S.K.: 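Below is a structure I'd like to ask you about.
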Amino acid sequence: MGYQRYDLAPLTHSIDLFLYNHLPATWAFIAEMTIIGVVFLIFYAVIGLYLVLAERKVCAFMQNRIGPNRVGWFGVIQTIADLFKLLMKELITIRKADKFLFNLAPFIVIIASFLGLAAIPFAMGLHAIDFNIGIFYIMAVSSVGVVGVLLAGWSSNNKYSLIGAMRSGAQIVSYELSVGLSLLVIAIYSGSLQLSTIVESQADAWWIIKGHIPAIIAFIVFITAGTAETNRGPFDLAEAESELTAGFHTEYSGIKFAFFFLAEYMNMFLIASVAATVFWGGWMPLHIPGCEGFNNAMDFIPPICWYFGKTAIVILIMMWFKWTFPRLRIDQLLTLEWKYLLPINLVNIIVVALIVLMGWYIK
Amino acid sequence: MSEEKKVIVELNENPEYIINMGPQHPSTHGVLRFEVSLQGEMVKHLIPHCGYVHRGIEKMCESLTYPQVIHLTDRLDYLSAHMNNEAVSLCVENALEIEVPERVKYIRSILSELNRIASHQLWWSAFGMDLGGLTCFFYGLRDREKILDIFEESFGSRLLHSFIVPGGLMHDIHPNFKKGITDFIKYFRKKLPEYNRFLTGNVIFQARTKGLGILSKEDAINYGITGPSGRASGFSCDIRKVEPYSAYPYVDFKEILYNEGDTFYRYVARMDEMVESMNILEQLIDKMPDGNEYTSKMKPVIKLPEGEYYQRVETARGELGVYIVSDGNKTPYRLKLRTPNFSNLFIMNKLASGYKIADLVAISGSLDLVIPDIDR
Amino acid sequence: MKSIFNYITGIFKGVWTLLKGMSVTGKYFIRLDKIVTQKYPENRKKLKMYDRFKGEVIMPHDAGNYHRCTGCGICELNCPNGSIEVLTDKITTTEGKSKRILDKYIYHLSMCTFCGLCVKTCPSTAIAFSQEFEHAVFDRQKLTKVLNKQGSSLVKDIAE
Amino acid sequence: MSNESLVLFFIVAVALVGLAVGFSMIIPPKSKNLVKSEPYECGIETKGTTWVQFNVGYYLFAIVYLVFDVETVFIFPWAVVMKTIGMRAFVEILIFFFILGLGLIYAWKKGALKWE
Amino acid sequence: MEQEQLKEKIIALLPEAEFNVNKQYLDINVPSDKMHAFVKLLKESDDLKLDYLFCLSGVDWKTHFTIVYHLTSTFFGHSLVLKVKTTGRENPEVASVADIYATAEFHEREVYDLMGIKFSDHPDLRRLFLDETFIEGFPLRKDYKDEINIIER
C-alpha cells in the first residue's frame, strides 16, 4: 500500500542501531531513554500549551470575539507567556490542608495523562509502546486522572473543593464504563485491542464507515463519555465555576494550578486521539474501497498529518460541546450515564456482535 | 482531647455543613451573600445576607433637591435606570399636578421598554452563564450593546442616564433616535429565535430548570414577588396594566402570565417580555407625536406641597415604589424606595431549600437579582 | 411499551436540540466577519465618541481666551456631589462698581457622576461636556482640574 | 520498545512536575501572610470543619458501577475473539448480557439509579 | 371599589380609625394596639382582601415615628394606606405583621435596622443592611449624627 512509504519504523530502528553501535549497551540504553523522554516531554508541553491557545481562540470565535491577540502574532505565544507567569508565581499552601495529598494531586493528574501518551500511535511506526492491550491500557490510565482531582479537592481544606471532589467521585463511578463499552464495539469489529492492529485494519476504510450505524453510535457515546471523563464542559461539575468558584482547584496557585490545566487539555488530546485512532483510522489516510487513484492520492499526505488532522477535528468537536451547552447537574450526569449511555451501549454491543456474526459490515 | 475527638465533638455541636456563597462569588452577580447549610449537595436552609453595597440612598435623598435625587435613583437598579428615574419624576409631577407633554410620555415609555429589553438581555446572558453556558454571556452582551449605543447617542451615557427629570426630559432626543430603535427591533427580532435555539430549546437547559424552585401564586403575593418572577406564578402584578402611567394607556399589549411558577417559566416570562416590549416599542414609535418639546414649564426650584405621594412603576425586575413625604421644602422630608429586588430576594430560602447547589444558582439567577437595588 | 417509545424519541429529540444549539455556535465559528471586538488602543485614531457623550466637564474658551462663566455658582449649587467649586474674586471696574469675576473653576472629576445638571442649569452656557473618555491617571490629585485657562476672562457680550 | 519502559514515562512525568514545582518553590518571591493561607470561602471565614462525613447520593451507583466494571473486564477478552469463535460466542454473550440487563433493569426499577 | 365605599367598610370594621388627607389613596391612622388584629381582618375579610403589602416604611416625625403600610388587593384592585404612630422616640414598638404578610418580615427588619423601631413578635429582628456590630444609633433617624461620613450642606 502507498501509505507505507512513510513508515517511520526504519528511522527509529536506525537511531536505535546507531546508538547501540557507537555506545556501550548501558549508555546506549540510557541515551535512547533520554531522547524518548525529552521528545515526549517537549511534545507534551507544546501540545498542551497550544491546545489551551486553540481553546481560547475557538471559544472566542464562537462568541464573536478575537481571543488572544496581544502576545505574539495573533497571540501565538500567549500561553507560553502565561506558563512563565505561572512559573514565577508563589505557591500558596492553605493552613490545615493535607499537605502531602495536596502536593501529590498534581503529580497524579500529570502522570495519568502522560502515561496515556505512551500508547498512542502517532504515525506508522511511531509510537512509544505498542501494547497488545492498547485500548484497555488507555482506558485504565485515563481514569486515574480523576483520582488526582478527587485528592486535590479533598486535601484543600476548602468546602467548595470538597464538594468538587465529591462530584468527581460521582464522575469516577460513571463514565469510565461507557468509554470502555463504546471502544469495545471496534474491538469486536477488528478483533484486537492493539492500537496498531486496529489502525492497520482500517487500511481499506475507517471503522466509522465500515461499521456504519453501530460505529457511529459508539463514536457519539465515546465522545460524550470521553468529554465527561476529562472533566470538561458540559460535564465540568468538579470545577463548576459558577457554583463552586473553581471547584477542586480553588486553592491551587501558580504552577500547580497550571498542571491541572495542562492535564485537562492533555486528557482531551488523549481522548481525541483514541477516538481518531479507533474510529477514524488514526494515521491511516482516507481510503475508499475501489477508488485506487483516489487512494493513491491520499497516500501522499503523510500519516502524521492525517493523525493530527483527525485529532484536531475531534478536539474541535469537544470544544464545540463545551462552548455551547449549559452544565449538567450531578444527578443528571449519573442519569445520563446509567439510564441512557449504558443501555444504549449494551444494545449496541449485541447489535455489533450480530453484525459481525452475519458479516453485515463492509469487509 | 485528641485532634480526632475534637473534630467529632465539633461535628456534634455543629452538625450543619455551612458554606458561604458570596460576597465574592461568581453566581451572585454582585456582593450578596448566601449562608447555605448543606446536607450533601442538598440545600437545607439558606440565609441571605445583604448590605455590602448599602450606600444610604434614602438618607442621602433627604439632603438633595428633587432634580438631584434623580441621579441617585440611577444607581439603585442600574439596569433599569430609566424606569427608576421615571418613578421619581412621576411622583414629583403628580405632587405638583403637572401634566407633561404627550411626546415626553411617549419618549419615557420608549426608554423604559428599551431599558427593559437591555436589562433582560443582560439577565439572559448571566442566566446562561450561571448554568455553565458561557457563550450566552457574549451573545447577550453583543445585542445589548446595540441598545446602549442608542442610549449613548441620545443621552451621552450608556448605563446611568439621569435623563428623565421632573417635568420632562433632560434634553431632546437625538434625531437618529427613532431610526436607531426601528433598526434595533429589526435586528433583535432576528436574534431572539437564535437565543431560543441556543438555550431555551436545549435539553440540558430544560432539565436544569423545569420543575424546580416552584413559587405558588399565594406565596408570590404574600412575599411580594413582582415582575416577571411573580407573573410566571400567575400573580398579575404588571403596574403597566394595574396603574397605567406615561404612554402605556395608549398602547395595546398583553401581560405575560404563566401559572407554573418554576425556574423555566420565570425564564420564559422574561423571554416573552422581550418580544412584548418590542411590540410596545413599535406601537409607540408609530404613535409618537412629532415636534421638539421635551419638557413642561418648571420652576427653577422644585418645592413639593406638604403631603405624601406614592408612585408605582414597573421596572425590569418588578414593582418600584417611590414614597415621598414632603414638608414643603425643596428637599424631600423622607423618600422611601420600595425596590423590587428587596422583596424578591427573600423568597430564596423558600425556593431553594430542598434543591441542590446547582439549582440554587439557577433559581437565584432566574429571580434576576441586582444587588445595589436590594441594599440601596 | 409507550414508555420505551418515549425513551427512544426522547433521546432523538434531545440530541436534535443539542445539535440546534451547536449550529448557532458553529455558524458564528466560521463567520469571522461577525466578530464585534474592537481593538482599543489601535483604533484610537478613528474612534469617535457620540457628540453628546458625557466625558468630562470642560469650559470652552474661544480664540481670544475668553470664557463665558460669570461665576454665579448655580452649577455648584446644583451639583449633587459637590464636585464643582467656583471661586470668585471681587474687583472694582473702571466705573467704580464692584463686580464679581471668576477666579478659579475647580472641577473634581473623581466625584463627578455625569448627571449633567451643571451643564443644563448654567444660565450662560459656559460649561459643556467633552468627548474625552480616557480619564485614567496615576495620581488622584490630577483628577482635580481647574477649568478656566490661565489669564482668560469673561467674554464681552456677557460682561456688559 | 518494551512494555517495561513505561517506567520511563512515569519518571519523566514525575520529573516534569517535580522540577517545575521545585523551581516555583525556590525562585518566585514569597510573602508570609496569615490571611492568605486561609481557605477561600468568598471572603468569609470558614465555619466549622471542612472534612465532615459528606452525604453523597451515589453510594448505590457506586455499587452498581462496581458490578458493571467487573463485568466489562470479562467482555473485553470476548470482544477480541468474537470474530473467530462466531455463533457460540454470540449466544454466550447474549446470555451474559441478558443477566446483566436484568440486573440493570432491577436496579432501575428499585430506584437505585435515582439520586437520593 | 371606590374610596367612599372602602371608607364605609373601614369605619364598620374599625370605628376609631382617623382618616388623613391623601389625594391618592385612602389613608387611615390606626391605634397601635388595634393594629395587628385590624390588618389581619383586612386581609381575611371577603370583601376587602387586602392581600398584598407592597410597601412598608417608617417615617421619623421628630416627636414620634409612623409606620406606613401600603396595602392593595390583587382581587379588587383597591388600595389602602395604614399608618401607625409610635409613642415617643425612646423605645418605639409596634406589633409585627410578619405573620400576616411574609414580605413584611424583611421590610420590618429594614425599618428596625435604619430607624430603630422594634417590632414585637417579629421572628428574627436583627440588623439587615448594617453590620451586627454597628451600634452607633440608627442612620435614618433625623437626629443621627455622623461627623465623618455626612457632610451637612
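The sequence lines fix the lettering, A, B, ..., with proteins before strands; numbering per chain opens at 1. Not measured: the values here are computed from a predicted model. Keep in mind that the numbers below use all heavy atoms, side chains included, and drop hydrogens, waters and symmetry copies.
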S.K.: When you look at Tyr310(B) and Phe54(E), which way does the ring pair (Phe, Tyr, Trp, His ring centres under 6.0 Å) test go after all the steps?
M.R.: CA-CA 11 Å; Tyr310(B) 195 91; Phe54(E) 62 90; 5.3 Å; yes

S.K.: Is a salt bridge present between Lys142(E) and Glu62(B), judged by a nitrogen-to-oxygen distance below 4.0 Å?
M.R.: yes

S.K.: For the residue pair Lys43(E) and Tyr52(E), would you count it as a cation-pi contact if the rule is NZ or CZ under 6.0 angstrom from the ring centre and within 45 degrees of the ring axis?
M.R.: no

S.K.: Should the ring pair Tyr245(B) and Tyr248(B) be called parallel, tilted or perpendicular, given that the plane angle runs from 0 to 90° and is split at 30 and 60?
M.R.: perpendicular

S.K.: Identify which part of Leu114(E) has an atom lying under 4.5 Å from any heavy atom of chain B, answering side chain, backbone, both or neither.
M.R.: side chain

S.K.: Heavy-atom distance under 4.5 Å to chain B: side chain of Arg109(E), backbone, both or neither?
M.R.: neither

S.K.: Evaluate ring pair (Phe, Tyr, Trp, His ring centres under 6.0 Å) for Tyr223(B) paired with Tyr101(E), printing each intermediate quantity in order.
M.R.: CA-CA 7 Å; Tyr223(B) 278 87; Tyr101(E) 301 106; over 10 Å; no

S.K.: With a 4.5 angstrom heavy-atom cut-off, is it the side chain or the backbone of Val81(E) that approaches chain B, or both, or neither?
M.R.: neither

S.K.: One thing to verify: whether Arg126(E) and Asp124(E) come together as a salt bridge, which I'm taking to mean a side-chain N less than 4.0 angstrom from a carboxylate O.
M.R.: yes

S.K.: Non-hydrogen atoms of chain E under 4.5 Å away: do they reach the side chain of Glu97(B), the backbone, both or neither?
M.R.: side chain

S.K.: Please flag which part of Leu140(E) lies under 4.5 Å from any non-hydrogen atom of chain B: side chain, backbone, both or neither.
M.R.: both

S.K.: Given a strict heavy-atom distance threshold of 4.5 Å, which part of Phe346(B) is in contact with chain E: side chain, backbone, both, or neither?
M.R.: both

S.K.: So which part of Glu243(B) gets closer than 4.5 Å to some heavy atom of chain E, the side chain, the backbone, both or neither?
M.R.: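 Side chain of Glu243(B) only, per the 4.5 Å heavy-atom cut-off to chain E.
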
S.K.: Please report the closest heavy-atom contact between Leu56(E) and Glu108(E), naming both atoms and the distance.
M.R.: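 What the structure gives for the nearest pair is CD1-CG, 3.9 Å.
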
S.K.: Below 4.5 Å from any heavy atom of chain B, which atoms of His107(E) appear? Answer side chain, backbone, both or neither.
M.R.: both

S.K.: Checking Lys83(E) against chain B: side chain, backbone, both or neither under 4.5 Å from a heavy atom?
M.R.: side chain

S.K.: Side chain, backbone, both or neither: which part of Phe342(B) has a heavy atom under 4.5 Å from chain E?
M.R.: side chain

S.K.: If you measure from CG on Leu351(B) to OG on Ser364(B), what distance do you get to the nearest 0.5 Å?
M.R.: 10.5 Å

S.K.: For chain E, find which of Met60(B), His54(B), Glu218(B) contributes the most heavy-atom pairs closer than 4.5 angstrom.
M.R.: His54(B)

S.K.: Let me see the working for Lys49(E) and Glu44(E) under salt bridge (charged side-chain N to carboxylate O under 4.0 Å, His left out), right down to the final yes or no.
M.R.: CA-CA 6 Å; Lys49(E) 274 195 180 170; Glu44(E) 283 161 8; over 6 Å; no

S.K.: Please flag which part of Asp113(E) lies under 4.5 Å from any non-hydrogen atom of chain B: side chain, backbone, both or neither.
M.R.: neither

S.K.: Salt-bridged, Arg334(B) to Glu308(B), with N to O below 4.0 Å?
M.R.: no

S.K.: Taking the basic N atoms (NZ, or NE/NH1/NH2) and the acidic carboxylate oxygens, is any pair closer than 4.0 Å for Glu99(B) and Lys105(B)?
M.R.: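 Yes, this pair counts.
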
S.K.: Chain E heavy atoms under 4.5 Å from Val325(B): which part of the residue, side chain, backbone, both or neither?
M.R.: side chain

S.K.: Between Arg312(B), Arg376(B), His49(B), which shows the greatest number of heavy-atom pairs under 4.5 Å with chain E?
M.R.: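 Heavy-atom pair counts peak at Arg312(B).
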
S.K.: For chain E, which candidate among Glu58(B), Lys350(B), Glu319(B) shows the most heavy-atom pairs at distances under 4.5 Å?
M.R.: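 Of the candidates given, the most pairs with chain E belong to Glu319(B).
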
S.K.: Examine whether an atom of Lys336(B) lies under 4.5 Å from a heavy atom of chain E, and if so say whether it belongs to the side chain, the backbone or both; otherwise answer neither.
M.R.: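 Interface part for Lys336(B): side chain.
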
S.K.: What part of Ser57(E) gets within 4.5 angstrom of chain B, counting heavy atoms only: side chain, backbone, both, or neither?
M.R.: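 Answer is both: backbone and side chain atoms of Ser57(E) are under 4.5 Å from chain B.
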
